[in-house]
Protein chains: 2
Amino acid sequence: MNKNNICPLDYTMNLIGTKWKPLVLFHLLEGGLRSGVLQKKIPGISNKMFTQTVRDLEKDGLISRKVFPVVPPKVEYYLTDRGKSLKDILRSLDKWGYEDCQN
Amino acid sequence: MNKNNICPLDYTMNLIGTKWKPLVLFHLLEGGLRSGVLQKKIPGISNKMFTQTVRDLEKDGLISRKVFPVVPPKVEYYLTDRGKSLKDILRSLDKWGYEDCQN
DNA sequence: CAGGATCCAATAGGATACTG
DNA sequence: CAGTATCCTATTGGATCCTG
């Protein structure tokens with residue numbers, strides 16, 4: 001927790017509190033996915049934001065990137081243990097949204 | 001959940017997934033607070049962003065605003081029932097950040 | 001297929017001054 | 001005290017084109 005964080009909640013939100021990060025993590029909860037497949041699960045994300053998001057998540061150690069040395073290129077993303085530790089939170093956020101928008 | 005939301009998780013993040021909203025909600029978990037007191041609990045927030053944030057949260061029905069007809073002005077903010085339903089999630093996010101940044 | 005590079009528009013956010 | 005208004009900068013994000 002660096003000087004820019006004012007409390008643990010803030011620290012967490014700085015890691016996953018953006019438009020796309022939670023969605024990427026959420027879709028990896030069931031297991032690793034190939035890059036293109038993962039991206040297609042997130043309608044509306046641009047190529048640029050997808051790349052930027054997975055790069056950030058990788059830098060923060062929440063996901064891992066596996067490159068297969070084949071042609072054409074094949075890349076898979078999957079959650080690290082640290083990323084997996086967010087599972088309950090991600091499911092809670094999804095569940096809350098589901099229940100809330102019924103009203 | 002409008003057409004801009006692609007899933008419940010996205011819906012939730014569009015309500016609270018910003019830099020300041022979770023912090024405002026978190027500090028109101030224990031009860032209503034006077035405007036100035038609430039703002040002081042969030043170091044670094046500018047006057048503009050504080051006002052904008054509580055306006056958004058009020059518009060979305062997560063907090064309520066009570067104005068006391070006195071001089072000088074007195075305003076209190078407190079969670080609505082809908083806002084209170086986020087309690088477990090906010091605490092989880094805070095707890096995760098606390099534990100994660102130990103590593 | 002994966003993703004880098006570039007350009008541009010939209011939004012977020014800060015600093016300051018001001019008002020009832 | 002609480003909040004508005006204004007000006008400005010920084011960041012986010014989309015569209016397009018390009019490469020191994």
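Please read all numbers here as calculations on a predicted model, not as lab measurements. Just so it is clear: chains get the letters A, B, ... in the order the sequence lines come, proteins before strands, and each one is counted from 1. Side chains included, hydrogens not; waters and symmetry mates left out as well; all remaining heavy atoms used.
OP1 or OP2 of C/dG3 lies within a sub-4.0 Å distance of a side-chain N or O belonging to A/S35. Under 4.0 angstrom from either OP1 or OP2 of D/dG3 there lies no side-chain N or O belonging to B/R34. For the OP1/OP2 pair of C/dG3 and a distance below 4.0 Å, the side-chain nitrogens and oxygens of A/R55 include at least one atom meeting the criterion.
Looking at every heavy atom in both residues, B/L25 comes nearest to B/L79 through CD2-CD2, 3.6 Å. Closest of all the heavy-atom pairs between B/D94 and A/P8 is O-CB, 3.1 Å. Residues A/Y77 and A/L28 approach most closely at O-CD2, 3.4 Å, considering heavy atoms. Contact between A/K21 and A/L15 at its shortest, heavy atoms only, is CD-O, 3.1 Å. Contact record, B/W20 with B/T53: CB-OG1, 3.7 Å, taken as the closest heavy-atom pair.
Atom NZ of B/K40 and atom C1' of D/dG3 are 14 Å apart (whole Å). Between A/F68 atom CZ and C/dA2 atom P the separation is 11 Å, expressed in whole Å. Between A/I42 atom CD1 and C/dG3 atom P there is a gap of 13 Å when expressed in whole angstrom units. Rounded to whole Å, the distance from CG on B/N14 to C1' on C/dT11 is 14 Å. The CG atom of B/L38 sits 12 Å away from the C1' atom of D/dA2 (whole-angstrom rounding). If you measure from atom CD of A/Q39 to atom P of C/dC1, you get 11 Å, rounded to the nearest angstrom. The CG-P distance, from A/D56 to C/dG3, rounds to 14 Å in whole Å.
Using a 4.0 Å heavy-atom criterion, one finds that A/T51 contacts the sugar-phosphate atoms exclusively. A/Y77 comes within contact range of the sugar-phosphate backbone alone, with a heavy-atom separation under 4.0 Å but no base atom that close.
Using a 4.0 Å cut-off between a side-chain N of Lys or Arg and a carboxylate O of Asp or Glu, B/E30 and B/R91 qualify as a salt bridge.
Listed by first and then second residue, the side-chain hydrogen bond (donor to acceptor under 3.5 Å, both in side chains) pairs involving residues 32-48 of chain A amount to none (not counting sequence neighbours).
In this structure, B/P22 and B/L90 have side chains that are in contact, with non-hydrogen atoms separated by less than 4.5 Å.
Rounded to 10 degrees, the angle between the two end axes of the helix from C/dC1-D/dG20 to C/dG20-D/dC1 is 50°, with five pairs used at each end.
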Subject >> Test log, rule side-chain contact (heavy atoms from CB on, under 4.5 Å), inputs B/K19 and A/T18 >> reply: CA-CA 9 Å; B/K19 183 175 178 56; A/T18 68; over 6 Å; no
Original post:
Reading nucleotides 6-20 of chain D 5' to 3', which nucleotides get B (base under 4.0 Å from a protein heavy atom), which S (sugar-phosphate only), which -?
Top reply: BB-----BBB----B
